[in-house]
Amino acid sequence: MRLTQGAFSFLPDLTDEEIRLQVDYGLERGWAWAIEYTDDPHPRNTYWEMWGTPMFDLRDGAGVLHALNECRKACGRGYIRLCAFDSTRGVESIRMAFIVNRPDEEPGFGLDRQEGEGRNMRYRLHGYAADRSPEERYRADP
Amino acid sequence: MNDFATTTTADRPRGRYDAGVLKYREMGYWQPDYTPKDTDLICVFRITPQEGVDAIEAAAAVAGESSTATWTVVWTDRLTACDSYRAKAYQVDEVPNTGAGTATPQQYFAYVAYDLILFEAGSIANLTASIIGNVFSFKPLRACRLEDMRIPVAYVKTFPGPPTGIVVERERLNNYGRALLGATMKPKLGLSGRNYGRVVYEALKGGLDFTKDDENINSQAFMHWRDRFLYCTEAVNRAVASSGEVKGHYLNITAGTMEDMYERAEFAKQLGAPIVMIDLVIGYTAIQSISRWCRNNDMILHMHRAGHGTYTRQKNHGVSFRVIAKWLRLAGVDHLHAGTAVGKLEGDPMTVQGYYNVCRDAVTQQDLARGLFFEQDWADLAKVMPVASGGIHAGQMHQLLSLFGDDVILQFGGGTIGHPAGIQAGATANRVALEAMTKARNEGRDIDHEGPEILAAAARWCTPLKQALETWKDVSFNYTSTDTPDFVATATASA
C-alpha cells in the first residue's frame, strides 16, 4: 500500500529540490518547519516523534533540508514528514504537512470487525507495523 | 454612551403621542445625524419604494416595522424607554444604475441601526424574527432586500459558533496544506443501502476525503436511514484502511422531528462517524440545537443550504446569502455550501468570494466590490469551512484554487462518479489535479495562466486525469449572474 497522508502523496515522491521549494513557500509566510518521524502511521497516531523542536529561528530552506537529511540518516527506514507551524492568532496550528520519506515496503493496515447487537459493527483499524516485535521496530538503522 | 437614560418620552412635546397616524420619519425612525454605536447592530436594506413613496419615509418605515412601530400611534410607548427600542434609519443612498433611464425602478440602500437590547442572546430565531419578521411584506415597499448586517462584537460573543471550526477539523482529519475533496453520491434517489455504500467506498478509496448524502436523502422507501448509515460506515472504514487517511461520509440526519434527528445523530455517533449533515430547511432553532449536540459529541456539522435560492438570488427582494452565511456562522455550522463561481449554480465570482470571507475571516473587511458593506469583527469565533459544490470538474482546478485558496472543500459529484473509467478513477483524477496544482502554486508558478499546462503535465503520467480532462474539456456554465454587487463608490457604510 501507499500511505496517502499529507498534501502531496498522490504525486510522485518529491525530490530534494522540490521539497526545498515547498519549504521556501512556508518560510516566506513566516511558518516554522518541524521534522517528525514514525514507524506507525496509524491515522490516529497524532504524535509522531519529533526530530528536535520546530525550527522557529531557521529562515533558510537549506538548513531545513540539512536537518531532514540528518533525520533520514538516522530514521530512513520509517516515515518522515515536514510540518509547518503558523502562530497567527486564530490559526496556531499546522498549515502544511507532507511526507518526505517512506519505508521501502509500507506495511499498511488491517481492518477488524466485531459484530454487535442488531446489525451494529465495531471497527478496529490496526497498523501491521505495530504487530512487529519491539526488537525489529526499534533497532537502530543499519 | 447610552442616551436613553437622559432622553425620555416625557421630554417630548405634545403631539407625537396624540392618537392618529404619523409619518414614520416623524416618529423618530429617521435620524440622519445618528452615529451608530459599537454595540448597535446595523443593517443595510436595498429598498424599492412604491410609486410616490418618498425614499426617506420608506427607510424610516423599514426601521419602524423591524422594531417597535405599528401603523398608528400608541400611548403605551410612553411606558417604555422607547427611544432605545426604536431602530434608526440614518443614511439613504441611491443604488447606481437604477431609476430613470434604466430598466429597473429606483432603488435605495437604507442603513438602519438597532440597539443591542432588541435581541435575545444566542438566538438566531429572535434576531431574524426582528429583522426580517414583518418588513418584507410591507405594502409601501415594492421590494426589499437585506444586503448586509454588521453584528456587534457584544452580540457575536453570545453565540458559541461552529462546534469544530476549520482549524480543529483539520487537526482531526490530520490534513493540512491542501483543499479537501468531496463528492455527492449520485444518483440522488433510488440506490439501495448496499449500492449506495459501493459508491461511497469507490470515491473514498480513489482519493477523496469526504463523500456526501444529498439534501433530499433522508429515509425513503428505497433506502431506510439505518441501512444507509451502516453501509456507509463499512465503506468509510474500508477506505481508511486502504489509505491510512482519516475519511468521512456526511450522514444526513435531517428528519421530520427533532426527536428523529437526535436518534439519527446518536446512531451516527455510535458507529464512529466523524461528521453529520443537516439541511438549511430545518430552521434556525433546529440548527442551533443540532450544533449544540455536535459540540457535546465531538461531531463535525455539515450544512447544505437547501432552499436558500428561493430568497437569496433575486437582487431586489429577499436576504443576501452573505447575511445567511453570517447567521449560520453564529448559529454554529462547520461546513457551508457557499458557491463555486465557475460551476452550474448561481454566483458572480466576486460576490461568492465575499461569502467565503464571511465564513473564514477573523475580521471581515469592508469590501464593496465583494458585496461586503461593513467591517465585521468575529471576536475569535471559529471559522466555517466553505464548500464549493455543483457542476465543477478537474479541468477547473486552477480557477478553483485561485478563487478560493486551501480552506475549502471542493465537491465533484458528477465530476467523480461520471468518470468514464469508473468512480475510483474519477476521484484519483481530482486528487492528482488538486495536489499538482497546489504544489505548482507553492513553487511560485502563475496558475491562472499556466493552469491548463500544469494539468496536462500531470495527465501525462496519470491516465485517470487525462481521461477526465478529455471528457469535460468543453463543459462550462457561462450565464450572467442575477446577483452582483452594486455600490456607491464613496459609501461611508460602516460605523
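Residue numbers begin at 1 in each chain, while the letters A, B, ... track the order of the sequences.
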Compile the donor-acceptor pairs, distance criterion under 3.5 Å only, formed between chain B and chain A.
residue	atom	partner	partner atom	Å
B/Glu171	OE2	A/Ser93	OG	2.8
B/Arg172	O	A/Arg44	NH1	2.9
B/Asn174	ND2	A/Gln5	OE1	3.4
B/Gly177	N	A/Arg95	O	3.1
B/Asp227	OD1	A/Arg119	NH1	2.8
B/Glu234	OE1	A/Arg113	NE	3.0
B/Glu234	OE1	A/Tyr123	OH	2.5
B/Glu234	OE2	A/Arg113	NE	3.1
B/Glu234	OE2	A/Arg113	NH2	2.6
B/Ser243	O	A/Thr4	N	3.1
B/Ser243	O	A/Thr4	OG1	3.4
B/Gly244	O	A/Gln5	NE2	2.6
B/Glu245	OE2	A/Thr4	OG1	2.7
B/Gln270	O	A/Arg122	NH1	3.4
B/Gln270	NE2	A/Asn120	OD1	3.1
B/Asp380	OD1	A/Arg89	NE	3.0
B/Asp380	OD1	A/Arg89	NH2	3.2
B/Asp380	OD2	A/Arg89	NH2	2.5
B/Lys383	NZ	A/Gly90	O	3.2
B/Arg431	NH2	A/Thr4	O	3.0
B/Glu435	OE1	A/Ser9	N	3.1
B/Glu435	OE1	A/Phe10	N	2.7
B/Lys439	O	A/Gln22	NE2	3.2
B/Lys439	NZ	A/Glu18	OE2	2.8
B/Asn442	ND2	A/Gln22	OE1	2.8

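Looking at every heavy atom in both residues, B/Gly244 comes nearest to A/Pro43 through O-CB, 3.4 Å. Closest approach of A/Ala7 to B/Gly177, counting heavy atoms only: CB-O, 4.2 Å. When every heavy atom of A/Gly90 is checked against every heavy atom of B/Val167, the shortest pair comes out as O-CG2, 3.5 Å.
At a 4.5 Å heavy-atom cutoff, B/Ala362 makes no contact with chain A through either its backbone or its side chain. Looking at A/Leu3, the atoms closer than 4.5 Å to chain B (heavy atoms on both sides) sit in the backbone and in the side chain alike. For B/Phe267, the part sitting under 4.5 Å from any heavy atom of chain A is the side chain, from C-beta outward, and nothing else.
Remark: A/Met1 CE is packed, more than 12 non-hydrogen atoms of other residues, nucleotides or ligands lying under 6.0 Å away.
B/Tyr196 is linked by a side chain to side chain donor-acceptor pair (under 3.5 Å) to B/Asp213, counting only residues two or more places apart in sequence or in another chain.
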